[in-house]
K.L.:
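To start, I am sharing the structure in question, which I have written as structure tokens.
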Amino acid sequence: VIEALIIVPCYFGVRLLAPGDNRAVSYASLYLILYMLSLSAMRQFIALAFGFLSVAVFMARGNTGKGLIACILLEAISISFHKSAAFIIVCHIFWLCAAKYNDGVPLFREHTLRTLPLICVLVVFCAFNIDPIFRFVTSVVPFFSRYASYLVTSGTASGFTFFIFFGMMLIATIIRGRYLLLNHEPKFIMLLFCGFVSVVLYALQSYNEEFIRLSYYFWPYICASFSMAIGSGKKIRTRKGRLIDLFASITFVIFIIGQFAWWYIINDYYECLPYTSEFLCQLIAF
């Protein structure tokens, strides 16, 4: 039941974001990235799933009243499972500010692309000055004081393989979806933006280990973005372009399988594999 509360919202979120022929890639990616970890952080991953579906509904149906109501309800459900899911509102705000709808089709607002580099610089600045910014925000806005109690254990954590695996997945997605970038496709750029936010939050583990948990909420967007990238540019690809696309696809597959193998099979992160199961030990001995 718990895993169904995680898998089903993610399934419908992908249906809203990824092209039909390529959804299997997103489902496989979600499994390799999220499933094993969700067996450990179950309550937070239920919040992650409903938050992801909320953003997907907002991006796909945000121009309708029913879509907006559904988005708000799903985000409320997400926060009810884990208060840290309120951080997902960052995605809603970015899409609201960046995109407009023209006959139901999302388009970027006039100056959005010009401001994206400024947003990136601002994110990096905030990352390097997180301590004073965090103290200021929690003192001014009482609601965020909840995070002060959530992020109490400072320290550093290992796991720099994350930047290798996820960094290469993002690079492969950018290469494979270069036609979408050239055409300024709003949904694709939004999904990439969320993927990069996950990397920034994960890097903030040097300030506090708990930022890794906030990074989880943005992992599913990487899975959806690659499926969208696969379906792009098929009619205009040259032979060289097809070779580049093949290279990008192979790179994505290698590194997404690599992170699963390295984290959960070789190193058994979060003790997800039943190596210590007394039943299996007795069964193998028998």
Side-chain angles (χ1 to χ4, degrees), residues 7 10-35 52 55-56 59-60 91 94-95 98-99 102-108 112-114 116-117 119-120 161-200 202 218-265:
I7 294 169
C10 286
Y11 170 80
F12 284 108
V14 169
R15 282 187 65 88
L16 288 171
L17 295 175
D21 294 340
N22 305 311
R23 287 174 188 152
V25 176
S26 287
Y27 299 142
S29 302
L30 284 168
Y31 171 77
L32 292 171
I33 291 178
L34 298 181
Y35 180 73
F52 173 61
V55 175
M59 292 173 62
C91 297
F94 178 78
W95 183 253
N102 184 12
D103 296 328
V105 179
L107 301 170
F108 273 128
T112 298
L113 290 175
R114 297 176 184 176
L116 280 177
I119 293 174
C120 293
T161 53
F162 170 88
F163 300 104
I164 298 174
F165 293 124
F166 279 67
M168 290 304 298
M169 281 188 272
L170 281 170
I171 291 172
T173 302
I174 291 172
I175 294 173
R176 188 64 182 82
R178 60 194 180 278
Y179 304 105
L180 295 173
L181 289 176
L182 292 173
N183 292 328
H184 303 157
E185 169 56 44
K187 289 184 180 179
F188 182 69
I189 294 176
M190 170 68 176
L191 297 178
L192 281 180
F193 168 78
C194 293
F196 279 108
V197 168
S198 74
V199 175
V200 172
Y202 200 92
F218 298 89
W219 291 4
Y221 302 97
I222 300 175
C223 306
S225 65
F226 191 74
S227 289
M228 191 178 293
I230 290 178
S232 65
K234 290 184 177 181
K235 295 181 179 180
I236 59 175
R237 285 183 297 175
T238 62
R239 182 179 179 183
K240 181 180 178 181
R242 288 193 294 270
L243 290 175
I244 293 174
D245 292 342
L246 179 62
F247 170 78
S249 299
I250 292 174
T251 299
F252 186 88
V253 170
I254 288 174
F255 280 91
I256 200 168
I257 293 177
Q259 67 85 28
F260 179 85
W262 179 257
W263 286 8
Y264 303 119
I265 298 177

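Just so you know, residue 1 is the first one in the sequence shown, and it goes up from there.
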K.L.:
Kindly indicate whether the side chain of F218, heavy atoms from C-beta on, has any atom under 4.5 Å from the side chain of V199.
P.N.:
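In short, these two side chains do not touch, never coming nearer than 4.5 Å.
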K.L.:
How long is the gap from CG on L170 to CD1 on I175, to the nearest 0.5 Å?
P.N.:
11.0 Å
K.L.:
Hey, does the side chain of R23 reach the backbone of A18 with a donor-acceptor pair shorter than 3.5 angstrom?
P.N.:
yes
K.L.:
Could you check whether any side-chain heavy atom of D245 comes within less than 4.5 Å of a side-chain heavy atom of Y179, counting everything from C-beta outward?
P.N.:
yes
K.L.:
Is S225 close to F188 at the side-chain level, that is, under 4.5 Å between some pair of heavy atoms?
P.N.:
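In short, these two side chains touch, coming nearer than 4.5 Å.
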K.L.:
Mind jotting down which residue pairs meet the ring-ring contact (aromatic ring centres under 6.0 Å, His included) criterion with at least one end in residues 10-29? Sequence neighbours excluded, please.
P.N.:
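Sorted result for residues 10-29: Y11-Y27.
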K.L.:
Set out, in order, the CA-CA distance, both residues' side-chain angles and the distance that settles side chain to side chain contact (heavy atoms under 4.5 Å, CB included) for C91 and M190, then state yes or no.
P.N.:
CA-CA 8 Å; C91 297; M190 170 68 176; 3.8 Å; yes
K.L.:
Is it the case that the side chain of Q259 and the backbone of L32 share a donor-acceptor pair, with hydrogens and angles ignored and the cut-off at 3.5 Å?
P.N.:
yes
K.L.:
For K187 and W95, run side chain to side chain contact (heavy atoms under 4.5 Å, CB included): C-alpha distance rounded to whole Å, both residues' side-chain angles, the deciding distance at 0.1 Å, then the answer.
P.N.:
CA-CA 9 Å; K187 289 184 180 179; W95 183 253; 4.0 Å; yes
K.L.:
Output, in order, the C-alpha distance, side-chain angles, deciding distance and verdict of side chain to side chain contact (heavy atoms under 4.5 Å, CB included) for F166 and I33.
P.N.:
CA-CA 10 Å; F166 279 67; I33 291 178; 3.9 Å; yes
K.L.:
Quick one: side chain to side chain contact (heavy atoms under 4.5 Å, CB included) partners of I189, sequence neighbours excluded?
P.N.:
F108, L113, L116, L181
K.L.:
Could you tell me the separation between the CE atom of M168 and the CD1 atom of I254, rounded to the nearest 0.5 Å?
P.N.:
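CD1 of I254 is found 9.0 Å from CE of M168.
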K.L.:
Does the pair L17 and M59 meet the rule for a side chain to side chain contact (heavy atoms under 4.5 Å, CB included), with working shown?
P.N.:
CA-CA 8 Å; L17 295 175; M59 292 173 62; 4.0 Å; yes
K.L.:
Can the ring centroids of F193 and Y221 be said to lie less than 6.0 angstrom from one another?
P.N.:
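No, ring centres 6.0 Å or more apart.
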K.L.:
For the residue pair W219 and F162, is the inter-centroid distance of their aromatic rings smaller than 6.0 Å?
P.N.:
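W219 vs F162: aromatic centres under 6.0 Å.
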